[in-house]
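Some notes on the structure that comes next.
Since this is a predicted model, take the numbers as computed values, not measurements. Read the numbers this way: they start at 1 and go in the same order the structure lists the ligands and their atoms. Heavy atoms only: backbone and side chains are in, while hydrogens, waters and symmetry mates are out.
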Amino acid sequence: MRTGSCLCGKVRYTIKAEPAAARLCWCRDCQRLASNGTVNAIFPSESIEVRGVVAEYVKTADSGNQVTRRFCPACGSQLFADSTGRLGLTVVRVGTLDDPSSIKPSANIWSASAPPWACMDSELERVERGPVPPAPKKA
Ligand SMILES: [Zn+2]
Ligand SMILES: [Zn+2]
């Protein structure tokens, strides 16, 4: 089981499943959130239990999907994202996990919009735009 929290600790969560995928995203929306690429792991939504109040912001992504980003209204930490393009799966921002090293990203996605100074591990798969979403896993 994995645990995590926002910066101020008012939102805490537990995850009872293994990630379906983990990767770094360089889309422009992520760069605005994180000032850099974001590091994300995708879990079955029902495996995530959240304690505390989260705020939401909905925006249409470069992929055309509606993305609902959830964050702590007190400290602003980005925690989760749900997309109409992958129902039943939730993105968790890996840096909010109590043990971020428990996740191993496999790819950089939307690399075409990364700035030239972006550090990308050449060992990882590189996808210029959006990847094929993973199939939802049944718990
Ligand atoms: Zn917070
Ligand atoms: Zn992104």
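Using a cutoff of 4.0 Å between basic side-chain nitrogens and carboxylate oxygens, Arg12 and Asp98 are scored as salt-bridged. Taking the charged nitrogens against the carboxylate oxygens, Lys16 and Glu46 have no contact shorter than 4.0 Å, which rules out a salt bridge. Glu18 has a carboxylate O that lies under 4.0 Å from a charged side-chain N of Arg2, or vice versa, which qualifies the two as a salt bridge.
Counting only protein atoms, the N, O or S atoms lying less than 2.8 Å from the Zn ion (ligand 1) are Cys6 SG, Cys8 SG, Cys72 SG, Cys75 SG, ordered by chain and residue number.
When hydrophobic clusters are built by joining Ile, Leu, Val, Met, Phe, Trp and Tyr residues whose side-chain heavy atoms come closer than 4.5 Å, directly or via intermediates, Phe71 is not grouped with Tyr13. No chain of hydrophobic side-chain contacts below 4.5 Å, direct or via other Ile, Leu, Val, Met, Phe, Trp or Tyr residues, connects Phe80 to Ile109.
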Contacts under 3.5 angstrom, residues 35-44 side chains, donor-acceptor by atom type, not counting sequence neighbours:
| residue | atom | partner | partner atom | Å |
| --- | --- | --- | --- | --- |
| Thr38 | OG1 | Asn40 | OD1 | 3.4 |
| Thr38 | OG1 | Asn40 | ND2 | 2.8 |
| Asn40 | OD1 | Arg93 | NH1 | 2.6 |

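Vertex the Zn ion (ligand 2), arms ending at SG of Cys25 and SG of Cys30: the angle is 120° after rounding to 10 degrees.
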